[in-house]
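Take a look at the structure set out below.
This chain uses plain numbering: 1 for the first residue, then up along the sequence.
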Amino acid sequence: MKTKIIIAGILIAWLSLVVTAQGQEKRLGIELSGGPSIGLKALSGSDLNIGGGFEGVFHYRLMKHTGLYAGWGWNHFSANESFAGNDTGFEETGYVTGLQFKHPIGTSPVKYFFRAGALYNHIELENPEGEIISDTHHGWGWQLAGGIDLPMGQKWHFTPGLKMNNLSRPLAFNQTDHQLDLRYLSLRVGFLYDF
């Protein structure tokens, strides 16, 4: 039993030294991004206008090019005409978590990144006055994203990119069942701070 504890202690100490010796790159980061969004299909028969939103995510680098990310996002679309009335707003909010791959482009400090993650979001319907008139409740969806990481000094990075969110949620509204399939593409402009 003591031998197993000693071996486990040696392995943990060795791993911590190896992880620390991987380089001077920071392991943690916080990124804020925002921009316009375009619906890729009608939402239960409702044509969506161009929307917009923002997202805040926390990054943790596990290995040289691979890491985890998790955060919260908000996106809003409006529809001139919809099953819920004229000038209805559709607001998606919730959480995201996933894996990120980031790699340098050649020998430059510029990197490209890809992300694949899970969403736990809901869609709220708002009347023209901004009051919530219905809610789908939270459920699972997915997110794909990609972009470029441009260093701006040692800790700041400019991170433009594209992301696609996909969320499908049932909604009962005025005694009618609807399936809200929200799929949209977003142009994101972001800033990442490493620490």
Side-chain angles (χ1 to χ4, degrees), residues 29-59 68-100 102 112-150 157-174 176-193:
I30 294 176
E31 181 181 16
L32 298 175
S33 65
S37 302
I38 299 171
L40 298 177
K41 62 182 283 189
L43 187 64
S44 191
S46 306
D47 290 326
L48 299 175
N49 298 324
I50 293 176
F54 62 86
E55 192 171 76
V57 295
F58 175 77
H59 298 266
L68 300 173
Y69 71 99
W72 182 86
W74 170 87
N75 212 79
H76 184 271
F77 291 97
S78 63
N80 297 336
E81 298 176 5
S82 76
F83 64 87
N86 294 338
D87 299 320
T88 301
F90 296 93
E91 197 166 277
E92 176 208 28
T93 59
Y95 309 97
V96 62
T97 185
L99 289 171
Q100 173 176 272
K102 189 185 286 188
Y112 63 89
F113 64 86
F114 294 108
R115 297 177 186 158
L119 302 170
Y120 188 65
N121 289 3
H122 68 132
I123 302 168
E124 295 175 337
L125 279 65
E126 297 180 346
N127 64 17
E129 290 76 39
E131 299 167 340
I132 298 171
I133 55 176
S134 193
D135 185 349
T136 65
H137 303 292
H138 283 79
W140 294 101
W142 53 265
Q143 179 185 88
L144 296 175
I148 297 174
D149 182 317
L150 302 163
H157 304 259
F158 178 56
T159 56
L162 291 173
K163 80 168 186 173
M164 187 169 97
N165 276 19
N166 186 65
L167 180 66
S168 183
R169 301 295 303 138
L171 175 74
F173 185 79
N174 287 343
T176 306
D177 291 332
H178 298 272
Q179 186 65 31
L180 301 186
D181 294 320
L182 181 59
R183 185 176 303 145
Y184 63 91
L185 187 65
S186 294
L187 173 63
R188 290 296 194 227
V189 175
F191 293 93
L192 169 67
Y193 178 76

Exercise. Rounded to the nearest 0.5 Å, how far apart are CZ of F173 and CG of L125?
Worked result: 6.5 Å

For this session: Taking all heavy atoms of H178 and all of S44, pick out the closest pair and write down the distance.
Result: ND1-OG, 3.2 Å

For this session: Kindly state whether the ring of F58 and the ring of Y69 have centres lying under 6.0 angstrom apart.
Result: no

For this session: Find the distance between CG (N121) and OH (Y95) and round it off to the nearest 0.5 Å.
Result: 9.0 Å

Problem set entry | N174 side-chain N/O to T176 backbone N/O, donor-acceptor pair under 3.5 Å | no

Problem set entry | Minimum side-chain heavy-atom gap E31-T159 below 4.5 Å | yes

For this session: Run through D87, N49, L48, T88 and flag the one making a side chain to side chain contact (heavy atoms under 4.5 Å, CB included) with S78.
Result: N49

Exercise. Does a donor on one side chain sit under 3.5 Å from an acceptor on the other, for N75 and N165?
Worked result: no

For this session: Check whether any side-chain heavy atom of L40 sits under 4.5 Å from a side-chain heavy atom of L185, and report yes or no.
Result: yes

Exercise. Between atom CE of M164 and atom CG of L162, what is the distance when rounded to the nearest 0.5 Å?
Worked result: 11.0 Å

Exercise. Do L192 and H59 come close enough that some side-chain heavy atom pair is under 4.5 Å?
Worked result: yes

Exercise. Is any side-chain heavy atom of L171 closer than 4.5 Å to a side-chain heavy atom of D177?
Worked result: no

For this session: Answer with yes or no whether the side chains of S46 and E81 bring together a donor and an acceptor at under 3.5 Å.
Result: no

Problem set entry | Side-chain heavy-atom pair L43, F90 within 4.5 angstrom cut-off | yes

Seminar exercise, completed: Separation between CD (Q179) and OG1 (T136), nearest 0.5 Å, reads 9.5 Å

Problem set entry | Whether R188 side chain and S33 backbone form a donor-acceptor pair below 3.5 Å | no

Exercise. Is T93 close to E91 at the side-chain level, that is, under 4.5 Å between some pair of heavy atoms?
Worked result: yes

Exercise. Can a donor-acceptor pair be found between the side chains of S168 and D181 at a distance below 3.5 Å?
Worked result: yes

Exercise. Do the non-hydrogen side-chain atoms of D135 and I123 ever get within less than 4.5 Å of each other?
Worked result: no

Exercise. Does H138 have its ring centroid less than 6.0 Å away from the ring centroid of H122?
Worked result: yes

Exercise. Got a donor-acceptor contact below 3.5 angstrom from the N127 side chain to the I132 backbone?
Worked result: no

For this session: Take atom CD1 of I50 as the centre, draw a 6.0 Å sphere, and report whether it contains more than 12 heavy atoms from other residues, nucleotides or ligands.
Result: no

Exercise. Considering residues at least two apart in sequence or located in another chain, which fulfil the ring pair (Phe, Tyr, Trp, His ring centres under 6.0 Å) criterion with H157?
Worked result: none

For this session: Would you mind reporting whether H76 and W74 have side-chain heavy atoms less than 4.5 Å apart?
Result: yes

Problem set entry | Nearest non-hydrogen partners of F158 and G190, listed with the distance | CD1-O, 3.5 Å

Exercise. Do R169 and E124 sit within salt-bridge range, that is, some charged N less than 4.0 Å from a carboxylate O?
Worked result: no

Problem set entry | Heavy-atom pair with the smallest gap, counting every atom of G39 and F77 | N-CE2, 3.7 Å

Seminar exercise, completed: Nearest heavy-atom contact between A79 and S82 is CB-CB, 4.2 Å

For this session: Taking all non-hydrogen atoms of both residues into account, name the closest pair between I148 and F113 and its distance.
Result: N-CE2, 3.5 Å

Seminar exercise, completed: Rounded to the nearest 0.5 angstrom, the CZ-CD distance for F114 and Q100 is 11.0 Å

Exercise. To the nearest 0.5 Å, how far apart are CD in E126 and CD in E131?
Worked result: 9.5 Å

